Structure formats: structure tokens, C-alpha cells
Amino acid sequence: MRIEEDLKLDFKDVLIRPKRSTLTSRSEVDISREFVFLHSKQTYHGIPIIAANMDTVGTFEMAQALAKHRLSVALHKHYAEGDLVRFFGAYAAVVPVFYSMGITGADYEKFRRVRAQTGDAIQHVCVDVANGYTKAFIDAIHRLRNAEPSLTIMAGNVVTGEMTEELILDGVDIVKVGIGPGSVCTTRKMSGVGYPQLSAIIECADAAHGLGGLICADGGCASPGDLAKAFGGGADFIMLGGMLAGHAECCGELIEQEGVQKVRFYGMSSRQAMDKYAGGVAPYRASEGKEVLLDFRGPVENTLQDILGGVRSACTYVGARKLKELSKRTTFVRVSQQLNEVFGPG
């Protein structure tokens, strides 16, 4: 046993220090990015925000809505094979849509069958597990990379620099970073395992960029300011779940409660998800997610305006004309309080 004494930080622990700027309007800020992925050699150009591969967020409808703004979606992995074939066969890829999969043999064979029926339509894959530190996960990455050298692979989740480096060396283009920060994730409560998300982003981004790789900050963003902090800390992409949940494009069941329309939102390791897709919680494990009822939020359009406008605003406060400049111009200030909530949270 050992204890790391150095401080680890989350989004709530910091604010971004403003700096002199020659920008006169948020409209002058370019929040798109262009990348050439290390292994696939594909070029990405868009706004590097990705809807999470949760069945209450990562839907076909969300992909179509976000593509209008050049944002991406990681589709959830529980779509039927035929539905995936029809979507990828018809979808004009303005921005990447990630096919999501786990690491079982069945996951791999399903991907191979969909791939065979859609030609080169699938160019981006998200390999998603809760624990990215296992040998089985690494073996699955090797198998996929060896079979598909031109595929862009995003994979995780991990939270430390050394595992980020290993994944990039093993063939991953984008390492997904985050254990436990999600709004409907209870991994930290149930297992005691995790890492403050901002420090994880800073550490993993440093490791990835040293090798020419990229990271995606997955989880923990509850407001547009948190996205600005994640990008300021070095994240190349950000994955959102809760901030995009509850919208019409999530295609969830509407429930009326005391005259208010509600939508279910739950973690993919929750009892609700395992009852739905795995026949219940296996006897050797516990649920590591929860379910909440969110007010129905209508179309995602207004929420996107808030998110993108907030990131642009952060750039103007530090004088970053382009999103790629934000991390170079970010200085974090440690704080004990974020907001004045005398009139309640807002």
C-alpha cells in the first residue's frame, strides 16, 4: 500500500484565470479542430464534442441533430445489426459517427458482419469498457488494430499516463479518459476506485501528446464551463452524457409526473441497463450506475447553443482565437467556491 500525496483536482476545484485579449466578439472564435489520427492516418475536422455511447444518448437521431453543428456521436452498442447496417449504409458522414463495441467475441463478430455489409462506411470505432487496465482489453485492441489498420480507434476508459501511453503504442488513436465522474455512474461509491477528472485529463493528455496520440475526456462535465476547463486542461475531444440526456433525440420513454413530462436516464452499468440487456445483474457483481428521471428538455438545439456559446466565451476571456489555443492560454486558479448561490443554484 502507498499514498500519493500530490494534489488531484476536479472541475469544481478550479476556475480559468482571464487574460488580455484582442478579440471583440465570441463570433471571432473558431471552436473546430483538425487532427490527423496517429494510426489510421484519417483526417478529422469538426467540433470535437461527442455524445456518449449510452442508449439514452447515443442514438441515430442524436447523430443527425449533432451533425448539423459538426459534432459527433458514439452510437450505443445495443442497436440491432440490421438497424446499424441501414444507418451506416445511408448516412452521409459530415463528421465521424463512432460504431461502439465491447471486447467479447460476440461484439467483434457483430462488428465484422456490419462492416462486411456497409463497406467502408464505418471509419471510426469506440471500444468501450469500464476498466481499461485488463489484459483482455489490450488483447481486443490488438485484434482490432491488426485486422483494421485504417480504422480510427477510440478506446478506454483509463485515467493514468502510463496506461494512456500503452494504449497509444498498442494502436489506439484516441484514449478515452475517466473512471467514475459521470452523473449516473456509481463506480467510485461501489468500488472506491477513481481519479479526479481534471487531473486525469492533464496527466493523460501530457502522456498522449508526447506520443502523437489524442484523448477524449469522458464524464464529469455538468456545465459549459466544465467543457472549457477540460479543453483548457488538454483534452482533444470531450464526451457528454448527462448534458445531452433528456432531449427529444434521445428517444426515451416519456413519463408524466405531477403534470411534468420526464425521461429516464441511467448508467450503462446500472441495474436498469443490465435488466434490459443482460438479463439482470450477474451474481458475482454489483450495479455501478443509477437511474434518474429528468425533465423532458425538448430538441437538443438550445442546449447545443449554450454549450458551444460557453466554450467560445471561455476562449474570448483568455484571448484564444481558436480552440486549439485554449490549453496554451489556460492558467487554472484553485478555488473553494464556484458560484454565488444565495438565490439558489442556477
Side-chain angles (χ1 to χ4, degrees), residues 31-54 57-58 63 66 70-77 93 95-103 111 122-133 137-138 140-145 148-179 181-182 197 200-221 227 230-231 233-241 323-324 326-327:
I31 57 171
S32 65
R33 291 296 309 268
E34 185 168 309
F35 301 111
V36 176
F37 296 118
L38 177 65
H39 298 288
S40 72
K41 306 305 180 186
Q42 293 185 36
T43 299
Y44 166 91
H45 188 80
I47 295 175
I49 297 172
I50 305 171
N53 53 313
M54 308 169 79
V57 178
L66 266 56
R70 296 187 297 145
L71 278 66
S72 298
V73 169
L75 298 172
H76 70 77
K77 68 178 183 179
V95 287
V97 173
F98 288 80
Y99 176 103
S100 296
M101 59 190 289
I103 61 171
F111 166 71
I122 299 175
Q123 294 289 321
H124 303 78
V125 168
C126 174
V127 183
D128 184 53
V129 296
N131 178 3
Y133 288 78
F137 177 60
I138 298 299
I141 295 299
H142 288 162
R143 176 179 60 186
L144 183 61
R145 175 52 74 202
E148 302 282 355
S150 64
L151 199 68
T152 297
I153 299 175
M154 176 167 64
N157 283 26
V158 300
V159 290
T160 52
E162 69 273 10
M163 200 64 205
T164 298
E165 290 171 342
E166 179 169 344
L167 288 174
I168 290 169
L169 294 172
D170 287 336
V172 173
D173 295 291
I174 311 166
V175 176
K176 202 144 68 75
V177 173
I179 292 180
Q197 184 69 343
I201 291 166
I202 293 169
E203 181 175 326
C204 295
D206 181 63
H209 297 163
L211 294 173
L214 304 171
I215 70 160
C216 176
D218 178 17
C221 289
L227 276 82
F231 283 131
D236 305 292
F237 292 85
I238 296 175
M239 182 169 277
L240 298 179
L323 182 60
K324 71 176 184 179
L326 180 57
S327 64

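We're numbering straight along the sequence, starting at 1. Worth knowing before you read on, the calculation uses all heavy atoms, side chains too, and leaves out hydrogens, waters and symmetry mates. If you're wondering where the values come from, they're calculated on a predicted model, not measured in any experiment.
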Report summary line: Closest non-hydrogen contact found for Ser40 with Leu151 is CB-O, 3.4 Å
Report task. Take the angle between the ring planes of Phe35 and Phe237 and call it parallel below 30°, perpendicular above 60°, tilted in between. Result -> tilted
Requested in this report: Check for a donor-acceptor pair, side chain of Gln42 on one end and backbone N or O of Ser150 on the other, with a separation under 3.5 Å.
Outcome: yes
Query raised in the report: How many angstroms lie between CG in Leu66 and OG in Ser72, if you round to the nearest 0.5 Å?
Result: 8.0 Å
Report task. Please examine the side chains of His76 and Asp128, heavy atoms only from C-beta on, and report whether any two atoms are closer than 4.5 Å. Result -> no
**Report entry** Heavy-atom check, side chain of His45 versus side chain of Arg33, under 4.5 Å
**Finding:** no
**Report entry** Donor-acceptor contact present, side-chain Glu34 to main-chain Tyr44, <3.5 Å
**Finding:** no
Query raised in the report: Would you find a donor on one side and an acceptor on the other, under 3.5 Å apart, between the side chain of Ser100 and the backbone of Leu75?
Result: yes
Report task. Kindly say whether Pro181 contributes a backbone atom to a donor-acceptor pair with the side chain of Gln197 at under 3.5 angstrom? Result -> no
Report task. Find the distance between CG (Leu167) and CG (Leu211) and round it off to the nearest 0.5 Å. Result -> 11.0 Å
Report task. State, yes or no, whether a side-chain contact exists between Val127 and Phe98 at a heavy-atom distance under 4.5 Å. Result -> no
Query raised in the report: In Å, rounded to the nearest 0.5 Å, how long is the span from CG of Asp236 to CG of Leu323?
Result: 9.5 Å
Query raised in the report: With sequence neighbours excluded, what pairs up with Ile122 under the side chain to side chain contact (heavy atoms under 4.5 Å, CB included) test?
Result: Phe88, Tyr99, Phe111, Val114, Arg115, Thr118, Val125
Report summary line: In terms of heavy-atom contacts, Val57 and Leu240 come closest through CG1-O, 4.0 Å
**Report entry** Backbone of Ala207 reached by a side-chain donor or acceptor of Thr164 within 3.5 Å
**Finding:** no
Report task. Would you confirm whether His39, through its side chain, and Ile168, through its main-chain N or O, come within 3.5 Å as a donor-acceptor pair? Result -> yes
Requested in this report: Might you point out which heavy atoms bring Gly161 and Cys204 nearest each other, and give the distance in Å?
Outcome: N-SG, 4.3 Å
Query raised in the report: Closest approach of Arg143 and Ile103, non-hydrogen atoms and distance?
Result: NH2-O, 3.6 Å
Query raised in the report: Given side chains that start at C-beta, do those of Ile238 and Ile50 come closer than 4.5 Å, heavy atoms only?
Result: no
Query - Side chains of Thr160 and Glu203 in contact at under 4.5 Å (non-hydrogen atoms) - result: yes
Requested in this report: Might you point out which heavy atoms bring Ala235 and Ile201 nearest each other, and give the distance in Å?
Outcome: N-CG2, 3.7 Å
Query raised in the report: How many angstroms lie between CD1 in Ile174 and CZ in Phe37, if you round to the nearest 0.5 Å?
Result: 4.0 Å
Query raised in the report: Looking at SG of Cys216 and CE of Met154, how far apart are the two atoms once the value is rounded to the nearest 0.5 Å?
Result: 5.0 Å
Requested in this report: Could you list all the side-chain hydrogen bond (donor to acceptor under 3.5 Å, both in side chains) pairs where at least one residue sits in residues 212-221, not counting sequence neighbours?
Outcome: Asn157-Asp218, Lys176-Asp218
Query raised in the report: Do you know which two heavy atoms are closest between Ala155 and Phe137, and how far apart they sit?
Result: CB-CZ, 3.7 Å
Requested in this report: Answer whether the closest heavy-atom distance between the side chains of Val172 and Ile141 falls below 4.5 Å.
Outcome: yes
Query raised in the report: Rounded to the nearest 0.5 Å, how far does CE of Met163 lie from CG of Asn131?
Result: 8.5 Å
Query raised in the report: Salt bridge check: are Arg145 and Asp173 linked by an N-O gap of less than 4.0 Å?
Result: yes
